[in-house]
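Sequential numbering from 1 along the given sequence is applied to the chain's residues.
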Amino acid sequence: MNKVVLKKHLLLAVAFGFLASCDSNFNELGTDIVGVDNFGFESQQYTVNTTNVSLGALESNNLPVNPLGIYNSPVFGLTRANFVTQVQLASVNPAIDPLLHPIIENVVLTIPYFNTKLTAFANDVAGTYKLDSIYGPEIRSKFILDVYESGYFLRDLNPLDQLQQAYYNDQDADFNAAKIGSSLNTGIASQNTDFVFSNLENSETTTVNGTETTTRNAGMKLNLSTVFFKTKILEAQAGKLLNNNVFKDYFRGLYFSVAQIPGEEGNLAMINFQGGKITINYKEDLSLTDATEANRVSKSIVLNLTGNTVSLVEQGTPAIVPDSRKLVLKGGANSSMAVIDLFSAGELQQLRDDKWLINDASLTFTIDNTQTGMDAGSTKAVEPNRVYLYDLNNKRPIVDYSLDASANSAKPKFGKTLFGGIIKKDATARGTTYKIRLTKHVLQMVKLDSTNVRLGLVVTEDINNVANKRLKSPVLAGTIKAVPLMSVVHPLGTILFGSDEADASKRPRFEIYYTKPKQN
């Protein structure tokens, strides 16, 4: 079986290599000139049909980054993003001797934000940072943040099929009902009832084997209940801290819950929770025979925010109702995508029969920036920086994506610039179009007679990750069962003109540049 598959892949690679070599004098000229729409060749527009599809709830466990907070979009309504995560012992089976009278000094939860350091800590002056991936008012707006012990056990595998257990972004009510006790981060208003995503530098000192280590960063810093962690960790029953398999069932994790404050818009941040940790700082006697206060030893137990996670998102009612003229692309909750069909009946075969040399092919979508909140001068609706076009039939990238090696080391999300999909903005900083190149995808159809597959179009948080996540319920007559993972992550949306738009100049434009062969 493996030999057959290998043979098929080898034949495809050889065929495509032959295709590329035959057309290299034309293709390289067309596809490697970024941002140029006319290479001196003839062009023709072909039919493109679009369909808007609502996706419903999406699988949202173990995402690479997760939203947390409140974002009020004038177009898509209020987004409220909660989060649940398991926690694991950084060092299992810690030695905690009650005869040494351990007493917790503080318990600190820290999670770094995506940031750019502007100045470093020096001469006892805190460093400064610029925060990235935060949506909402630029002057940070307050909201309520509560952190609870989670009572919901996150399984690794589904016992029915032994596949990875799926959890969905519409399950917040389940996790809310399973939370245990009261909030663990009460007592300091700025960390609880008046929480903001602060760009101020935090410092944290941990003590391991007598060695102190201080780290500095911009991020969330919450003081958690010492009473809770004294009972849960320092006074844990024998064997509960032995290893992380036991520990994850004993302490099932943390549930982060947010709520809007009347009169405040709030902010929403994309966060890498796996970079977070809980540090339990405590002191104990030097020995069983030395309980001298001055000789007490400082120690730390670290719990990492690793293991299974679930992103839980509630989405308000959007102001726009999609119809055949509008394509609503929305990530996260209440998500939707566009389905793209290229060529009308006979067009593709005619293109094959004409034997034209194809230099460039692109698909351009116009943003409907007449919508309130997306109009010129608006600062409220944040637009997705990028959309992602992919092979919907096979749930994988098209060949133009795979062969684009262009990179952006400073801003990795803006790599693969030849493939495109990056927003183009006007003088008012509002989006106008998204353009995607699919030259080699069209070449495969024309030269190799490959299948004219349906294409999917979604918003994406990161162009470099093309994995997929399941839908809770398949849509479009069961043909769509999964969507790109980074669309599940992304909390934003946009509105594009569809193929039924009355104004033809605003419809999606599928354009091919070609050179006719010389006539003998």
Checking N369 side chain against G431 main chain: does a donor-acceptor pair fall under 3.5 Å? yes
Closer than 3.5 angstrom, by distance alone: can the side chain of Y71 be matched with the main-chain N or O of V382 as a donor-acceptor pair? yes
Donor-acceptor contact present, side-chain N304 to main-chain Q88, <3.5 Å: no
Do the side chain of E264 and the main chain of G266 share a donor and acceptor less than 3.5 angstrom apart? no
Got V446 and L348 here, is their nearest side-chain heavy-atom distance under 4.5 Å? yes
Look at the rings of Y113 and F197 and say which category their plane angle falls in: under 30° parallel, 30 to 60° tilted, over 60° perpendicular. perpendicular
Q191/N223 under side-chain hydrogen bond (donor to acceptor under 3.5 Å, both in side chains): CA gap, chis, key distance, verdict: CA-CA 8 Å; Q191 299 180 13; N223 291 84; 3.0 Å; yes
Could you check whether any side-chain N or O of T432 sits under 3.5 Å from a backbone N or O of D426, counting only pairs where one atom can act as donor and the other as acceptor? no
When R430, K506, R507, K326 are each screened for salt bridge (charged side-chain N to carboxylate O under 4.0 Å, His left out) with D368, the one that passes is K326
Would you check if I423 and I367 make a side-chain contact, meaning some heavy-atom pair closer than 4.5 Å? yes
Any donor-acceptor pair under 3.5 Å from D404 side chain to L418 backbone: yes
Under 3.5 Å: donor-acceptor pair, side chain of N199, backbone of L131: no
Are any of the side-chain heavy atoms of Y513 and T439 separated by less than 4.5 Å? no
If you count every heavy atom of other residues, nucleotides or ligands that lies below 6.0 Å from L163 atom CG, does the total exceed 12? yes
Is it the case that the side chain of N61 and the backbone of Y167 share a donor-acceptor pair, with hydrogens and angles ignored and the cut-off at 3.5 Å? yes
Assess whether salt bridge (Lys or Arg N to Asp or Glu O under 4.0 Å) is satisfied between R454 and D341, documenting all intermediate values. CA-CA 5 Å; R454 301 191 95 177; D341 292 293; 2.9 Å; yes
Do the two ring centres, one from Y401 and one from F419, sit under 6.0 Å apart? yes
Salt bridge (Lys or Arg N to Asp or Glu O under 4.0 Å) assessment of R396 paired with D391: CA-CA 5 Å; R396 66 189 182 193; D391 176 347; 3.6 Å; yes
Testing the basics here: between Y168 and E59, what is the closest heavy-atom pair and its distance to 0.1 Å? CD2-N, 3.3 Å
Can we call the ring centroids of F273 and F256 under 6.0 Å apart? yes
Does some side-chain heavy atom of N52 sit less than 4.5 Å from a side-chain heavy atom of S336? yes
Using a strict threshold of under 4.0 Å (side-chain N to carboxylate O), is an ion pair present between D172 and R80? yes
Any S190 side-chain heavy atom under 4.5 Å of I188 side chain: yes
How close do P412 and N464 get, counting heavy atoms only, and between which atoms? O-ND2, 2.9 Å
Do the side chains of M445 and L351 get nearer than 4.5 Å, heavy atoms only? no
Whether T309 side chain and N62 backbone form a donor-acceptor pair below 3.5 Å: yes
S183/Y148 under side chain to side chain contact (heavy atoms under 4.5 Å, CB included): CA gap, chis, key distance, verdict: CA-CA 5 Å; S183 177; Y148 298 92; 4.1 Å; yes
For A361 and I512 the tightest heavy-atom approach is CB-CG1, 4.0 Å
Checking side chain to side chain contact (heavy atoms under 4.5 Å, CB included) for the pair N202/N217: CA distance, chi angles, key distance, verdict? CA-CA 5 Å; N202 292 321; N217 206 339; 6.0 Å; no
Short side-chain to backbone donor-acceptor contact, N468 and A482, under 3.5 Å: no
Under 4.5 Å between any side-chain heavy atoms of V107 and F228, yes or no? no
Check this for me: does any side-chain nitrogen of one of K413 and D462 sit under 4.0 Å from a carboxylate oxygen of the other? no
Residue pairs, two or more places apart or on separate chains, that pass salt bridge (charged side-chain N to carboxylate O under 4.0 Å, His left out) and touch residues 138-164: E149-K232
With a 4.5 Å limit on heavy-atom distance, are the side chains of L457 and F365 in contact? yes
Can you check side chain to side chain contact (heavy atoms under 4.5 Å, CB included) on I70 and N267, steps first, answer last? CA-CA 5 Å; I70 304 283; N267 283 104; over 6 Å; no
